[in-house]
Trainee: 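What follows is a single structure, and I will ask about it in a moment.
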Amino acid sequence: MSKELNNISKYLSYLLRHEPESVGLSLDENGWASIDELIEKTVDFKLNRDLIEIVVGTNDKKRFSISGDGLQIRANQGHSIDVELELTPIQPPQFLVHGTAERFVESIRVQGLNKMQRQHVHLSESKAVAENVGSRYGKPVLLNISAKEMFDDGFKFYKSANNVWLVDSVSPKYINEM
């Protein structure tokens, strides 16, 4: 992805996950925004439908979805604003992975994983993805999450459109360092 496309992707993440009101963009209760309104209200970039489709299609993390009718766009997960992503609870695999920075591990041992400003804790089936996430904040540490045990204990898991596993929290008893 070119630097310009990467910058547009970050901008779309900011608007669709955190601050749509910064440009007066309206999201519905499910996080969908009109592509026409997004194009009209964006001043930081010269957006058009083709460019938006390229950003959505080439984003390596598949952060965005375009509606079936092609008229709307939304972020797949990671919102700090209240949206209902219409996800159905499903059974996770036996283990999932969470990537974090070494400096957070002691706190996680005590408090577990909490969603903080986001709607969910993000987990992955991929060690490589989790390591990449953890490395954004410092020396990465991978945590093995006993997801099936959590599910059996009544925790609800969801899987986003871009294959990120979502859960409200993870108690320390379900976490082991890899």
Side-chain angles (χ1 to χ4, degrees), residues 9-10 12-21 25-33 56-57 59-68 72-178:
S9 176
K10 288 179 180 182
L12 293 178
S13 287
Y14 171 73
L15 290 180
L16 298 173
R17 294 165 62 181
H18 308 294
E19 296 283 341
E21 68 276 0
L25 183 65
S26 299
L27 303 184
D28 72 12
E29 66 275 2
N30 304 122
W32 292 104
V56 170
N59 185 275
D60 61 338
K61 295 182 181 176
K62 304 295 179 204
R63 284 194 168 117
F64 313 104
S65 292
I66 292 180
S67 61
Q72 297 180 302
I73 184 172
R74 79 171 177 186
N76 287 322
Q77 92 287 320
H79 298 81
S80 62
I81 56 176
D82 191 25
V83 297
E84 174 53 54
L85 294 175
E86 306 170 291
L87 301 172
T88 302
I90 61 170
Q91 182 175 325
Q94 184 170 0
F95 297 102
L96 291 169
V97 185
H98 180 80
T100 191
E102 186 177 54
R103 69 180 187 267
F104 300 131
V105 172
E106 190 56 42
S107 172
I108 291 170
R109 283 186 189 125
V110 174
Q111 299 176 1
L113 294 169
N114 297 295
K115 56 188 172 183
M116 311 304 275
Q117 293 86 15
R118 297 206 178 169
Q119 287 191 307
H120 298 98
V121 172
H122 295 189
L123 305 172
S124 177
E125 293 179 58
S126 164
K127 289 180 183 178
V129 168
E131 187 168 9
N132 184 39
V133 169
S135 67
R136 292 187 299 193
Y137 306 105
K139 183 179 176 190
V141 174
L142 299 183
L143 304 174
N144 193 42
I145 309 301
S146 298
K148 173 70 167 64
E149 182 182 353
M150 287 180 64
F151 179 80
D152 290 344
D153 288 348
F155 287 82
K156 290 184 181 176
F157 283 81
Y158 308 92
K159 195 171 184 182
S160 71
N162 60 337
N163 295 317
V164 175
W165 284 90
L166 309 169
V167 67
D168 283 342
S169 65
V170 181
S171 168
K173 79 177 195 174
Y174 303 108
I175 301 171
N176 293 298
E177 291 180 48
M178 298 182 90

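Position 1 is the first residue of the sequence, and the numbers go up from there.
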Trainee: Start with the C-alpha distance between Glu84 and Asn30, add both sets of side-chain angles, then the distance that settles side-chain contact (heavy atoms from CB on, under 4.5 Å), and finish with yes or no.
Mentor: CA-CA 5 Å; Glu84 174 53 54; Asn30 304 122; 3.8 Å; yes

Trainee: Does one side chain, of Asn59 or Ser9, offer a donor that lies under 3.5 Å from an acceptor on the other?
Mentor: yes

Trainee: Show every side-chain hydrogen bond (donor to acceptor under 3.5 Å, both in side chains) that has at least one partner inside residues 141-152, sequence neighbours left out.
Mentor: Lys148-Asp152

Trainee: Do Val97 and Leu143 have side-chain heavy atoms sitting under 4.5 Å apart?
Mentor: no

Trainee: Decide whether Asn76 and Ser65 meet the rule of one side-chain donor and one side-chain acceptor closer than 3.5 Å.
Mentor: yes

Trainee: Do Glu177 and Val105 have side chains that approach each other closer than 4.5 Å (heavy atoms only, starting at C-beta)?
Mentor: yes

Trainee: For Lys156, does the NZ atom have more than 12 heavy-atom neighbours from other residues, nucleotides or ligands under 6.0 Å away?
Mentor: no

Trainee: Is there a side-chain contact between Lys115 and Asp168, using heavy atoms and a 4.5 Å cut-off?
Mentor: yes

Trainee: Among Arg63, Gln77, Lys61, which residue meets the side chain to side chain donor-acceptor pair (under 3.5 Å) test with Asn162?
Mentor: Gln77

Trainee: Does Leu27 reach the side chain of Leu15, with side-chain heavy atoms less than 4.5 Å apart?
Mentor: no

Trainee: Once rounded to the nearest 0.5 Å, what's the spacing between atom NZ of Lys173 and atom CE of Met150?
Mentor: 9.5 Å

Trainee: Are any of the side-chain nitrogens in Arg136 or Glu131 under 4.0 Å away from the carboxylate oxygens of its partner?
Mentor: no

Trainee: Using only heavy-atom distances, determine whether the side chains of Asn163 and Glu125 contain a donor-acceptor pair under 3.5 Å.
Mentor: no

Trainee: Trp165 vs Phe157 aromatic rings, parallel, tilted or perpendicular, using cut-offs 30° and 60°?
Mentor: perpendicular

